[in-house]
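What follows is a set of notes on a single structure, which appears directly below.
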Amino acid sequence: MNSNTDDCEWEAKYDISISILKEEYLQCIQRIRNVDEKANKYILVISIVATGLFVVLSSSAADSLVFDHLNSIVGFLLTLLFVATSLLSLILGILIFKYLLDCFELVESKKINNIEELLRNTVELDANKYKGVLITVYQASINSMNQTVINKQNHIRKVSNKIRFFISLLFTSLLILIILKIIG
């Protein structure tokens, strides 16, 4: 009688553990989606800002660049500064884009093993021992996905700091171009 009570006790504990792990597994999947959505938002910001830069460069404002140092030394120096900040922002934009693409490549979410195969491999086990195996499988998948989330978040952190600098460089370039337009 005592053994039957222990079995019921373990069965209840296993059932609760499986429910908790199932919920945690679903939350891990959601965290991965959230990080991917954030990366998508960063790509959108980079695309909008880069498009804006190309519009400005293709406009008449680019005509105010001074490449002849004999006519205006200030204009020439500002043009050099504009070219330098624009090139730096272009290089940084490419690096940011690479980091974002790397973030998407880190989707190594470990799936839960094929349940039918798991049942065949544990056919000699009773239901409680099978639940113990299932808990182990769930936990391994959760641990793997948590590592994926951490890796993705590290990439996003690197990107967020670089985006601030990228936008600052672009606005500096735009400001220099406006000054050139005014003095030109």
Side-chain angles (χ1 to χ4, degrees), residues 20-112 138-184:
I20 291 169
L21 288 171
K22 180 180 174 185
E23 185 61 33
E24 189 175 342
Y25 181 79
L26 295 174
Q27 287 174 359
C28 282
I29 291 172
Q30 187 58 44
R31 282 197 307 271
I32 289 173
R33 285 186 186 133
N34 291 344
V35 172
D36 285 346
E37 285 176 21
K38 193 170 193 173
N40 279 329
K41 288 177 185 175
Y42 281 145
I43 285 178
L44 182 63
V45 166
I46 295 291
S47 299
I48 290 170
V49 171
T51 302
L53 177 66
F54 287 122
V55 166
V56 167
L57 288 177
S58 64
S59 73
S60 64
D63 294 337
S64 31
L65 296 175
V66 179
F67 291 102
D68 183 11
H69 69 282
L70 298 176
N71 286 343
S72 170
I73 191 72
V74 172
F76 179 70
L77 291 175
L78 285 173
T79 297
L80 288 179
L81 190 59
F82 170 78
V83 169
T85 56
S86 295
L87 283 175
L88 282 173
S89 61
L90 176 68
I91 292 168
L92 191 57
I94 291 169
L95 286 173
I96 290 169
F97 213 73
K98 181 200 170 301
Y99 278 126
L100 289 171
L101 292 178
D102 287 348
C103 181
F104 289 121
E105 289 179 12
L106 294 173
V107 183
E108 222 179 272
S109 59
K110 185 175 181 178
K111 289 185 172 184
I112 294 179
Y138 255 125
Q139 191 62 57
S141 293
I142 289 168
N143 292 344
S144 174
M145 286 194 303
N146 279 336
Q147 190 57 50
T148 298
V149 169
I150 289 168
N151 291 341
K152 285 176 170 277
Q153 287 173 336
N154 287 338
H155 272 77
I156 293 291
R157 277 188 207 99
K158 288 178 188 175
V159 166
S160 65
N161 292 332
K162 288 181 182 358
I163 283 180
R164 286 186 199 102
F165 188 59
F166 170 73
I167 292 174
S168 298
L169 279 173
L170 282 179
F171 279 123
T172 302
S173 295
L174 184 60
L175 183 63
I176 293 168
L177 196 57
I178 290 169
I179 293 170
L180 278 168
K181 185 73 171 175
I182 291 171
I183 67 169

Could you list the residues that satisfy side-chain contact (heavy atoms from CB on, under 4.5 Å) with Asn154, not counting sequence neighbours?
-> Ile150, Arg157
Point-to-point distance, once rounded to the nearest 0.5 Å, from CG of Leu44 to CD1 of Ile48 | 4.0 Å
Qualifying residue, where the test is side chain to side chain contact (heavy atoms under 4.5 Å, CB included) with Ile179 and the options are Ile176, Leu177, Ile182, Leu175 = Leu175
Could you give the distance from CZ (Phe82) to CG (Leu180), rounded to the nearest 0.5 Å?
-> 8.0 Å
To the nearest 0.5 Å, what is the distance between OH (Tyr138) and CD (Glu23)?
-> 10.0 Å
Rounded distance [0.5 Å steps], CD1 in Ile142 versus NZ in Lys22 = 12.0 Å
Partner set under side chain to side chain donor-acceptor pair (under 3.5 Å) for Glu24, not counting sequence neighbours = none
Under 3.5 Å, side-chain donor or acceptor atoms of residues 164-172 against the rest of the protein: list the pairs with distances, not counting sequence neighbours.
{"from": "Arg164", "atom 1": "NH1", "to": "Asn161", "atom 2": "OD1", "distance (Å)": "3.0"}
{"from": "Ser168", "atom 1": "OG", "to": "Arg164", "atom 2": "O", "distance (Å)": "2.9"}
{"from": "Thr172", "atom 1": "OG1", "to": "Ser168", "atom 2": "O", "distance (Å)": "2.8"}

Are any of the side-chain heavy atoms of Arg31 and Cys28 separated by less than 4.5 Å?
-> yes
Between Ser173 and Thr85, the two heavy atoms sitting closest are OG-OG1, 2.6 Å
Kindly write out the residues that satisfy side chain to side chain donor-acceptor pair (under 3.5 Å) with Gln139, not counting sequence neighbours, or none if the list is empty.
-> Asn143
Closest approach of Ile156 to Lys38 (non-hydrogen atoms, all atoms of both residues) | CG2-CD, 3.8 Å
Locate the shortest heavy-atom distance separating His155 from Tyr99; write the atom from each residue and the value.
-> CD2-O, 3.6 Å
Contacts of Ile29 that satisfy side-chain contact (heavy atoms from CB on, under 4.5 Å) - sequence neighbours left out = Tyr25, Arg33, Met145
Flag the pair Leu78 / Ile183 as yes when at least one side-chain heavy-atom distance between them is below 4.5 Å, and no otherwise.
-> yes
Salt bridge (charged side-chain N to carboxylate O under 4.0 Å, His left out) partners for Lys41, two or more places apart = none
In this structure, CG of Leu100 is separated from CD1 of Ile96 (nearest 0.5 Å) by 7.5 Å
CD1 of Ile32 to CD of Gln153, rounded to nearest 0.5 Å, is 10.0 Å
